[in-house]
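Each chain gets a letter, A, B and so on, in the order its sequence line appears, and its residues count up from 1.
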2 protein chains.
Amino acid sequence: MDVRTLCLGVLTLGDASGYEIKKKLEEEFAHFYDASFGSIYPALNKLQTEGMVDCTYEAQSKRPDKKVYNLTSEGRLALVKELSDHPSPDRIRSEFIVMMLFARLLPASHVSQVIDDRIASFEKSINKFQALCDGKNSGTSLFVSGYGVAIYETAMKYLQENRHLVEAEALLAQVQDNRINEFDAAD
Amino acid sequence: MDVRTLCLGVLTLGDASGYEIKKKLEEEFAHFYDASFGSIYPALNKLQTEGMVDCTYEAQSKRPDKKVYNLTSEGRLALVKELSDHPSPDRIRSEFIVMMLFARLLPASHVSQVIDDRIASFEKSINKFQALCDGKNSGTSLFVSGYGVAIYETAMKYLQENRHLVEAEALLAQVQDNRINEFDAAD
DNA sequence: TTATCCATGTAAGAAGTTACATGATTGA
DNA sequence: TCAATCATGTAACTTCTTACATGGATAA
């Protein structure tokens, strides 16, 4: 799955410009997939040459023209085919977790700060998903935003209840380092 | 954060070869970061030319030589500096979630199969993290594997309890498609 | 005998990000 | 006046994956 497929998918929800597709991704797919303009615009142009999408220009006063894309039947077929493969495993890239694993190398205060920030950002995500839940009628969107709420709530609660494990280790390592430094200083 | 940083991190746990670093990543960092040999070996070579790691050859009978790397003080410093930045938000790429969002385009049976598979794979992940929990003494590893258990358990439970939302929509769309096809056939 | 583990490496290519260019509009 | 929103696009660059090359040992 790539940005092209994602664009086709968004277009099943209605005609849209590249800019609108990007916005839709930020709202709807929040946290589960993202793409930049630098990948969306070329993808749409390529999809057009391949006949997967049609494009009509919408002139706008006081704004650049809008290129509104709509899915062709070939495009819809290609999307369904793409979605029919079994999904590859989720790919997660968490700098936060890596940092936690090496917490003993860092100042304890910094570790605490990072955890505080992470909890705050989880809270934001939960609110965002919650708002999405409330505004949604379709079963699938409800399912996905509910999934987001469930996972981020668990993650947040876990951090609150278990942060001491990491913080204790960071603190211990720091104390030991200081002791060594004191020994060094004493020499 | 990139593969280079990850290699430096693993080397704080003890000297290791590229191959061993890869294995360690698969065990310890499972699901939160991964890297292929094709990125690890070049990263280690570059780190060596930069003086971040030393390398000693270990001749092995009946096996190729092993290049065992160990962290230099510059390497440790660079790692700490890298980890001192605030971690960027987790990046998740979930084909599964995208597929759920477009479930209405797919055969209901296929959707059900995909959810079954996902539940099974979550179960595997939980067992893996659980085993990791049991085998670990350090607070940080316990924290991280516990985090994995908590999240995957939530995800699994959520799928079990809410899969009907997606399955119903896929089924409904399918029935409507069939109805249209019947109309078409009647013409 | 077939696959998997051990062990390192390279080269080609995919896929994306970042930064830039352009430029008016609107809200703080 | 400063930032953000709308709107599209390109080019350079980064980063990683995949596939290949090599080859003995071991387990099913």
Exercise. Do B:Tyr19 and B:Leu11 share a hydrophobic cluster (ILVMFWY, side-chain heavy atoms under 4.5 Å, transitive)?
Worked result: no
Problem set entry | Among A:Asp90, A:Asp2, A:Asp34, salt bridge (charged side-chain N to carboxylate O under 4.0 Å, His left out) partner for B:Arg93 | A:Asp34
For this session: Pick base, sugar-phosphate or nothing for A:Gly38, based on heavy-atom distances below 4.0 Å to the nucleic acid.
Result: base
For this session: Look at the side-chain N and O atoms of B:Lys67 and state whether any lies under 4.0 Å from the OP1 or OP2 oxygen of C:dG9.
Result: yes
For this session: Take the protein atom OH of A:Tyr57 and the nucleotide atom P of D:dA7, then report the distance between them rounded to whole Å.
Result: 15 Å
Exercise. Looking only at heavy atoms, which two atoms of B:Cys133 and B:Ser145 are closest? And how far apart?
Worked result: SG-OG, 3.6 Å
Problem set entry | Whole-Å distance separating the NZ atom of B:Lys22 from the C1' atom of C:dT8 | 14 Å
Exercise. Rounding to a whole Å, what distance do you find between B:Asn45:CG and D:dC16:C1'?
Worked result: 16 Å
Problem set entry | NZ/B:Lys23: more than 12 non-hydrogen atoms of other groups inside 6.0 Å | yes
Exercise. Please give, in whole Å, the distance from C:dT10 P to B:Leu44 CG?
Worked result: 12 Å
Problem set entry | Atom pair distance, as rounded to whole Å: OH in B:Tyr41 and C1' in D:dA21 | 14 Å
Exercise. If you pin A:Pro42 and B:Phe37 to their nearest nucleotides in DNA chain D, which one's is more 5'?
Worked result: A:Pro42
Exercise. How long is the gap from OG1 on B:Thr5 to NZ on B:Lys81, to the nearest 0.5 Å?
Worked result: 11.5 Å
Exercise. Expressed in angstrom and rounded to an integer, what is the separation of B:Leu25 atom CG from D:dT17 atom C1'?
Worked result: 15 Å
Each nucleotide N or O in nucleotides 13-16 of chain C that has a protein N or O under 3.5 Å away: list the pair and distance.
from: C:dG16; atom 1: OP1; to: A:Val3; atom 2: N; distance (Å): 3.3

Exercise. Between C:dG9 atom C1' and B:Gln48 atom CD, what is the distance in whole Å?
Worked result: 14 Å
Exercise. Going by the angle between their ring planes, with limits at 30° and 60°, are B:Phe129 and B:Tyr152 parallel, tilted or perpendicular?
Worked result: parallel
Exercise. Could you state the CD-P distance from B:Glu20 to C:dT8, rounded to the nearest angstrom?
Worked result: 7 Å
Exercise. More than 12 non-hydrogen atoms from neighbouring residues, nucleotides or ligands closer than 6.0 Å to NZ on B:Lys46, yes or no?
Worked result: no
Problem set entry | Contact under 4.0 Å: A:Tyr19 side-chain N or O vs D:dT8 OP1/OP2 | no
